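Starting from 1, each residue takes its place in the sequence as its number. Only a predicted model underlies this, so the values are computations on that prediction, with no experimental measurement involved.
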Amino acid sequence: MLTGAFTTLGRYWRPLIGVALTLFGAATLVMLGAGAVALAVVAPQWDELTASDSPDAAELVPLGIAFGVLMVLGVILFLLASAVVQAAVPAVLQEAVLGRPARFGSVWRRAWSRVWAMIGTVFLLGLTAVVPLMLLMAAVAATTVYFVTLGDADSALPLLWTGLLGTLLLGPLAVWIWVKLSLAPTVVVFENQGPFAALRRSAQLVRGSWWRVFGIGLLAVGLASMVGYMIQMPFQALGMLPGMADPSGLEADPSGAEILAVFGGLMVLSMISGLVSQLFSSIFPPLVTGLLYVDLRMRNENLAQAPVLAEAAAQTLPEQYGPPPTAPV
């Protein structure tokens, strides 16, 4: 699976990297522009707050609104970009397993046509991890409060134990459900299914192969994280070079614009490294998941024989199955 994913990435890197770079690059540029506008708007309030020992609560409102709008805009932009990229990967893979070329325009149109179904599917998948994550966050918050207060906060201990026990009890169940439904994003594109139908189809395909899907998926995510970190390391080392940020040039009471000018290079490098790392981490795991989907269809639906595949590829199958792929290239 991993070899097939790397092979597909090597042969079809243009549409894969092109779509991801276009989307994440555009989202990053929009966020940079919005951040610059927000900094220009709140710069006077920032200087007043830093000069005051006890700022008025009303003075914090513009800052809160500016950063709140930035956060909401960032979430919407990157959610939309991630959804299109997750739809583009199966679109490319569908052409690859049928031995057809995948061009940027066709991949873009195919991915965009499935973006809303993909957003719904990813949202439903995310719901499986909401409760364990909230319990874990409650445990972390309670631990922080307990240590900050040096053990004086008695109410933190019940929250700590409730969060830990709840995470230990519900975490494995959430992982089991997540793996059962993990093929749903691929099903959305390959079979033109809606979110709920894609989740049911994924559970059907994974039945009897849970440990295999779990192991390969975990390995793909771990490998993508490791490669992403290795991509960021040169940029981090470059940011440590002399001259990239020289705070000695700042005055005793620097303004927001002066701080941005000094550390602007580091911020740009950080965003570039994050973008490059995200390109790989957003493409490789869905590619492995897509190959798992193709493999399970071949195993479970008797599509392993080449004549059967050729015949199936030429047929118009019912909507719940969609066009079956041939063997991965």
Side-chain angles (χ1 to χ4, degrees), residues 16 19-20 22-24 26-28 30-31 68-94 107-138 163 166-167 170-207 210 213-214 217-218 220-221 224-225 228 274 278-279 281-290 292-293 296 319-320 322:
L16 288 171
V19 170
T22 300
L23 289 164
F24 289 122
T28 302
V30 171
M31 287 300 298
V69 170
L70 276 178
M71 184 178 296
V72 173
L73 179 62
V75 169
I76 293 175
L77 284 175
F78 283 96
L79 175 63
L80 185 60
S82 299
V84 178
V85 171
Q86 286 199 56
V89 173
V92 171
L93 186 61
Q94 191 170 27
V107 171
W108 178 271
R109 289 189 295 272
R110 176 70 171 148
W112 186 255
S113 67
R114 305 303 301 156
V115 64
W116 300 115
M118 183 65 71
I119 290 176
T121 303
V122 172
F123 174 76
L124 293 175
L125 268 175
L127 290 180
T128 63
V130 166
V131 175
L133 283 178
M134 291 181 64
L135 290 171
L136 181 61
M137 291 173 62
T167 303
L170 297 179
L173 177 61
V175 172
W176 181 80
I177 296 175
W178 179 277
V179 174
K180 288 282 290 184
L181 306 179
S182 61
L183 301 183
T186 304
V187 174
V188 165
V189 178
F190 265 79
E191 304 183 14
N192 292 322
Q193 297 288 349
F196 291 102
L199 294 174
R200 290 194 298 267
R201 177 72 165 140
S202 175
Q204 174 192 355
L205 288 171
V206 175
R207 186 182 299 122
W210 190 92
V213 174
F214 171 73
L218 183 63
V221 172
S225 301
Q278 192 172 25
L279 290 178
S281 60
S282 63
I283 291 174
F284 188 74
L287 204 53
V288 175
T289 302
L292 275 170
Y293 163 85
L296 289 174
E319 183 180 355
Q320 65 266 28

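- Checked against side chain to side chain contact (heavy atoms under 4.5 Å, CB included), A198 has the following partners two or more places apart in sequence or in another chain: A184, V187, V188, Q193.
- T289 meets the side chain to side chain contact (heavy atoms under 4.5 Å, CB included) test with L183, T186; sequence neighbours excluded.
- What you find for F284 and A220 is that their closest heavy atoms are CD2-O, 3.9 Å.
- Closest approach of F190 to P90, counting heavy atoms only: CE1-O, 3.4 Å.
- Of all heavy-atom pairs spanning A87 and A111, the tightest one is CB-O, 3.6 Å.
- In this structure a side-chain-to-backbone donor-acceptor pair under 3.5 Å is missing from S281 to S225.
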N/O donor to acceptor pairs below 3.5 angstrom from side-chain atoms of residues 121-135, sequence neighbours left out:
unit_1, atom_1, unit_2, atom_2, d
T121, OG1, A117, O, 2.8
T128, OG1, L125, O, 2.5

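- A pairwise comparison of heavy atoms in M118 and P185 identifies CE-O, 3.2 Å as the closest pair.
- Every residue two or more places apart in sequence or in another chain that forms a side chain to side chain contact (heavy atoms under 4.5 Å, CB included) with R200 is listed here: F196, A197.
- Rounded to the nearest 0.5 Å, atoms CG (L296) and CZ (R207) are 12.0 Å apart.
- Across R114 and N192, no two heavy atoms sit closer than the pair NH2-C, 3.4 Å.
- The backbone N or O of L79 sits nowhere less than 3.5 Å from a side-chain atom of S82 that would complete a donor-acceptor pair.
- Applying the side chain to side chain contact (heavy atoms under 4.5 Å, CB included) criterion to W112, with sequence neighbours excluded, gives L80, V84, V115.
- With hydrogens and angles ignored, the 3.5 Å screen pairs no side-chain donor or acceptor of S202 with any backbone N or O of L199.
- Between the CG atom of L170 and the CD1 atom of I177 there is a distance of 9.5 Å, given to the nearest 0.5 Å.
- To the nearest 0.5 angstrom, L292 atom CG is 10.5 Å from L287 atom CG.
- Contact annotation: the side chain of Y293 approaches that of E191 to within less than 4.5 Å [non-hydrogen atoms, C-beta and beyond].
- Counted within 6.0 Å of CH2 on W210, heavy atoms from surrounding residues, nucleotides or ligands total more than 12; the atom is thus considered enclosed.
- Heavy atoms only, all atoms of each residue included: L16 and I283 are closest at O-CD1, 3.6 Å.
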